[in-house]
Amino acid sequence: MNTILGLRFRENGQIYYFDAASHEARTGQYVLVKTEQGTAMARVASVLDTLPADAEPGELKPILRPALPEDMAQYEENRVLARDAIRHCRECIHERNLDMKLVDVEILQDRSKMIFYFTAPGRIDFRELVKDLVKAYRTRIELRQIGVRHETQMIGAIGNCGQMCCCARFIRKFQPVTIKMAKEQNLFLNPAKISGMCGRLLCCLAYEQGTYEEFQRRCPKIGKKYQTTQGPMKVLRSNLFSETLFVYTEGGEEKELTLDEWRTIAGETWTPYVTPQQQPQSRPPQPPRQAPPQQQARPAQQNVPAEGVVAPAPGASAEPVSTDGDDGEVVAEGQPEGQQQARPKRKRKRKPKSRRPEGTQAPTNDSGE
């Protein structure tokens, strides 16, 4: 297999792997490579025989050639031009009062393109800024917005551990880091302690997360009460480094047990403790339900008028009658089927309200009413 070169495009930047092909290169030498943006200069950081495990075989591309003296002179001129572009771009941003922060400027080896990296809280209308930069440098201008984690990755910083940030040294792809990781690792949820230079959660929280998850699978749940051979015990906390548990016994004593001791008293399958009030009570057996007796059909009643009651006419309802008025008129409350009508309701006539302008008094009659 051909020699593999680990290249850096920035000082303390990420390492990208290329194939040396038929060229000979050594550590510290500069080479020219072909990237998606164009031709760029890179420095050899390592020379390997095999591809590392974290690299993808499909990304291995050959280098163009080692850098010549004229290439190095052009590279130094581009570095000076990049520093001048940073100063000029920041002045333009200040003049146009744009809510953005310029991070870095990258210039391709042949100056066919200049890339300006910036951060901003939202979308920025930088069309006028691009016109100013094109007018000043007469080349293709690209403004690319990045996140705060990528900003630290490009600039570099010293972390809480006293070393260069992991993102600037070796991290190639950012992994999602959540506050749940800090809770499972029993860390104090102090933003100043668990946040990096970028203001986001520390990337190193994900390094030991797999170890903590494997340890939690072998431990009982924290804060739960279990039934053991020594009585009910409540799990208070656990210690990953000593692989021990702190439990609270029924007698009010706190004890420290190893995982092997816990398995001895609790068994392989841990049974949760259930209080007598929570135990389901057994119900007495209930007799089988009997089918209800069938109801006998009642005989049809004959319309026999009682004493003092007048039988209704055929087709009329069998409701009693009443007298209404002093003249003794008989009013039937039931109507023949199909001809029953509701008595119309009488509408009360309301006296019309007089509309008079405010502040005027209503006219009175002679009696003063």
Side-chain angles (χ1 to χ4, degrees), residues 6-17 35-37 40 42-43 45 52-56 59 82-83 85-87 89-90 93-94 97-106 114-126 129 142-217 222 237-241:
L7 306 181
R8 293 182 187 270
F9 293 90
R10 300 175 180 274
E11 194 76 21
N12 300 323
Q14 298 184 29
I15 296 180
Y16 299 89
Y17 298 98
T35 64
E36 297 179 356
Q37 303 294 337
R43 183 173 178 269
D54 59 341
E56 299 178 1
E59 68 176 352
R83 289 193 293 267
I86 292 176
R87 178 188 56 80
C89 183
R90 287 176 177 172
I93 292 174
H94 180 71
N97 195 21
L98 298 177
D99 189 12
M100 57 188 295
K101 176 185 175 183
L102 183 65
V103 177
D104 198 5
V105 176
E106 179 182 353
M114 298 177 66
I115 306 174
F116 293 78
Y117 298 93
F118 70 95
T119 60
R123 297 181 62 88
I124 301 295
D125 186 7
F126 47 76
L129 178 62
E142 179 180 347
L143 271 75
R144 184 175 301 178
Q145 185 174 359
I146 60 176
V148 291
R149 300 179 75 182
H150 291 86
E151 176 186 2
T152 308
Q153 185 183 41
M154 295 178 64
I155 298 177
I158 302 299
N160 300 334
C161 57
Q163 299 184 6
M164 180 69 68
C165 290
C166 301
C167 57
R169 282 192 298 163
F170 60 88
I171 293 181
R172 307 186 66 186
K173 294 181 180 179
F174 289 109
Q175 299 180 4
V177 183
T178 61
I179 196 67
K180 182 182 177 181
M181 297 181 179
K183 293 180 180 179
E184 292 180 352
Q185 298 177 21
N186 298 326
L187 298 177
F188 292 104
L189 301 182
N190 186 357
K193 298 294 183 181
I194 61 177
S195 300
M197 304 302 297
C198 58
R200 300 294 188 268
L201 292 175
L202 291 168
C203 296
C204 54
L205 291 178
Y207 296 163
E208 301 175 356
Q209 181 62 21
T211 305
Y212 279 91
E213 290 178 354
E214 192 273 335
F215 174 72
Q216 294 297 336
R217 283 193 294 266
I222 305 298
R237 58 187 181 275
S238 61
N239 192 337
L240 168 68
F241 304 101

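Computed from heavy atoms alone, side chains included, the values below leave out hydrogens, waters and symmetry copies.
Closest heavy-atom contact between Met181 and Pro176: CE-O, 3.5 Å. In plain terms, the two heavy atoms of Glu184 and Tyr212 that are nearest each other are O-CD2, 3.6 Å. Across Ala45 and Ile15, no two heavy atoms sit closer than the pair CB-CD1, 4.3 Å. Between Cys198 and Arg149, the closest heavy-atom pair is SG-CG, 4.0 Å. Minimum interatomic distance between Asp104 and Ile86 (heavy atoms only, all atoms of both residues): OD1-CD1, 3.9 Å. Between Ala168 and Gly156, the closest heavy-atom pair is CB-CA, 4.0 Å.
Residue Glu214 qualifies as enclosed at atom CD: its count of foreign heavy atoms under 6.0 Å is above 12.
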Let me have the donor-acceptor pairs involving side chains of residues 115-126, under 3.5 Å, with sequence neighbours excluded, atom names and distances please.
| residue | atom | partner | partner atom | Å |
| --- | --- | --- | --- | --- |
| Tyr117 | OH | Glu106 | OE1 | 2.8 |
| Asp125 | OD1 | Arg127 | NE | 2.8 |
| Asp125 | OD2 | Arg127 | NH2 | 3.0 |

Per-pair distances, 0.1 Å, donor-acceptor, side chain in residues 185-197, under 3.5 Å, sequence neighbours excluded:
| residue | atom | partner | partner atom | Å |
| --- | --- | --- | --- | --- |
| Gln185 | NE2 | Leu205 | O | 2.8 |
| Gln185 | NE2 | Gln209 | OE1 | 3.2 |
| Asn190 | OD1 | Ala192 | N | 3.3 |
| Ser195 | OG | Pro191 | O | 2.7 |

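To the nearest 0.5 Å, atom CD of residue Glu151 and atom SG of residue Cys167 are 10.5 Å apart. Atoms CZ and CZ, from Arg43 and Arg10 in turn, are 15.5 Å apart once rounded to the nearest 0.5 Å. To the nearest 0.5 angstrom, Leu98 atom CG is 14.5 Å from Arg90 atom CZ. A distance of 11.0 Å separates CD1 in Ile155 from SG in Cys165, rounded to the nearest 0.5 Å.
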Where do Ile222 and Ser238 land on the side chain to side chain contact (heavy atoms under 4.5 Å, CB included) test, with the steps shown first? CA-CA 8 Å; Ile222 305 298; Ser238 61; 4.0 Å; yes
Take Val103 and His150, measure what side chain to side chain contact (heavy atoms under 4.5 Å, CB included) needs, and give me the verdict at the end. CA-CA 10 Å; Val103 177; His150 291 86; over 6 Å; no
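The closest side-chain heavy-atom distance from Arg169 to Gln163 is below 4.5 Å. Looking at Val177 and Leu202, their side chains never come closer than 4.5 Å, going by heavy atoms from C-beta outward. Counting heavy atoms from C-beta outward, Ile171 and Cys203 have side chains that approach closer than 4.5 Å. Met154 is listed as a side-chain neighbour of Ile146, based on a closest heavy-atom distance under 4.5 Å.
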